[in-house]
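If you're wondering where the values come from, they're calculated on a predicted model, not measured in any experiment. Residue numbers count from 1 along this sequence.
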Amino acid sequence: IAGSIVQIPFLGCDRDGLVNARNANFSAIARRQGAPDMPLPVEYDEATGAFEATFQPPLPDTYTLELLLSGAPVAMPLSIVARGCPDGSYPNPEQDGDRCLQCNGERWALEGDTTCWRCRALFYLLPSGACAPCPSGGICDAASTIETIRMQSGYWRLTNTTTDTRRCEYSDDPSKT
């Protein structure tokens, strides 16, 4: 999840082939398309005898991580996909405790949203930003707007910009629909 810390342990050799050479000049960078390179901290762990690069992806996206020795790539790049919080939750702005917090009430978030600004199922989003109950005969999925309200079988509306729904005249008689 974007914002979570990713630790990448690795064994390394210096240019002379000395395994886990503590003094080797290892560094790491993270790349995201259209963004400047992000240098990553690399530390040597005496307890495990391994190096470790630490990365905290700031946004949901795909990142390419490269390990460097004296500025030159030394391994195959690693691809990391940072996802947003799952549907119905948003990132915890405090960054302590749970990474994602659940939306409450009639509010909803889709993966990647940073707040619960949408409406949950059975509601639709008004232009004012408030949530309203789905109209009779309507089907409101999570994140519905007036334009995306679907109609139940046997109901109709004149345009996708109205909540004035009507029951079909012969909806109770399948032979006439």
Side-chain angles (χ1 to χ4, degrees), residues 1-125 129-131 139-150:
I1 292 177
S4 297
I5 295 174
V6 178
Q7 294 176 318
I8 303 122
F10 63 96
L11 296 177
C13 303
D14 65 8
R15 293 272 183 221
D16 298 323
L18 301 173
V19 176
N20 287 329
R22 280 181 214 135
N23 299 327
N25 186 17
F26 281 108
S27 61
I29 57 170
R31 291 192 169 108
R32 182 171 65 95
Q33 188 172 0
D37 288 353
M38 294 175 272
L40 306 178
V42 174
E43 296 179 4
Y44 182 76
D45 184 345
E46 293 283 343
T48 63
F51 289 91
E52 185 172 83
T54 302
F55 177 51
Q56 187 170 9
L59 300 169
D61 207 342
T62 299
Y63 296 84
T64 301
L65 274 58
E66 261 189 67
L67 294 175
L68 309 169
L69 178 58
S70 300
V74 291
M76 293 293 294
L78 177 66
S79 182
I80 293 182
V81 177
R83 304 194 61 91
C85 289
D87 288 358
S89 64
Y90 64 101
N92 182 351
E94 302 302 320
Q95 291 297 317
D96 60 345
D98 292 334
R99 284 276 175 223
C100 300
L101 301 174
Q102 294 300 308
C103 297
N104 294 315
E106 58 212 22
R107 292 299 182 171
W108 193 252
L110 296 178
E111 181 182 320
D113 287 348
T114 57
T115 63
C116 298
W117 67 273
R118 303 172 194 268
C119 301
R120 70 175 54 251
L122 305 178
F123 293 87
Y124 72 97
L125 187 66
C131 294
I139 301 171
C140 295
D141 300 314
S144 286
T145 63
I146 193 167
E147 295 85 4
T148 62
I149 296 172
R150 296 180 294 121

Assess whether side-chain contact (heavy atoms from CB on, under 4.5 Å) is satisfied between Leu125 and Arg107, documenting all intermediate values.
CA-CA 9 Å; Leu125 187 66; Arg107 292 299 182 171; 3.9 Å; yes

Stepwise, does the side-chain contact (heavy atoms from CB on, under 4.5 Å) test hold for Glu43 with Thr54?
CA-CA 9 Å; Glu43 296 179 4; Thr54 302; over 6 Å; no

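The two residues Ala109 and Cys103 come nearest to each other via the heavy atoms N-SG, 3.5 Å. For Ile5 against Arg99, the heavy-atom pair with the smallest separation is N-NH2, 4.3 Å. Between Thr148 and Ala143 the shortest heavy-atom distance is OG1-O, 4.5 Å. Arg150 and Asp141 get closest at one heavy-atom pair: NH2-OD2, 3.0 Å. Across all their heavy atoms, Ala28 and Leu67 have their closest contact at CB-CD2, 3.9 Å.
Between atom CD of residue Glu106 and atom CZ of residue Arg118 there is a gap of 15.5 Å, rounded to the nearest 0.5 Å. Here the OG atom belonging to Ser144 is positioned 6.5 Å from the CD1 atom belonging to Ile149, to the nearest 0.5 angstrom. Arg83 contributes atom CZ, which lies 9.0 Å from atom OG1 of Thr62 (distance to the nearest 0.5 angstrom). Rounding to the nearest 0.5 Å places CZ of Phe51 at 10.5 Å from CG of Asp45. The distance from the CG atom of Leu101 to the SG atom of Cys85 is 7.5 Å, given to the nearest 0.5 Å.
Within 6.0 Å of the CD atom in Glu147, the count of heavy atoms belonging to other residues, nucleotides or ligands exceeds 12.
Contact check for Trp108 versus Asp113: no side-chain heavy atoms found under the 4.5 Å cut-off. Looking at heavy atoms from C-beta onward, Ser89 lies in side-chain contact with Gln102 at the 4.5 angstrom threshold. Using a 4.5 Å heavy-atom threshold, the side chains of Pro86 and Cys100 count as touching. Between Asp87 and Glu111, the closest side-chain pair of non-hydrogen atoms falls below 4.5 Å. The shortest side-chain heavy-atom distance between Ile146 and Tyr124 falls under the 4.5 Å cut-off.
Pairs engaging residues 55-70 under the salt bridge (charged side-chain N to carboxylate O under 4.0 Å, His left out) rule: Arg31-Glu66, Arg32-Asp61 [sequence neighbours left out].
Tested against Leu40 for a side-chain contact (heavy atoms from CB on, under 4.5 Å), the candidates Ile8, Ile29, Leu65 yield a single pass: Leu65.
A disulfide bridge does not connect Cys140 to Cys119: their SG atoms sit 2.5 Å or farther from one another.
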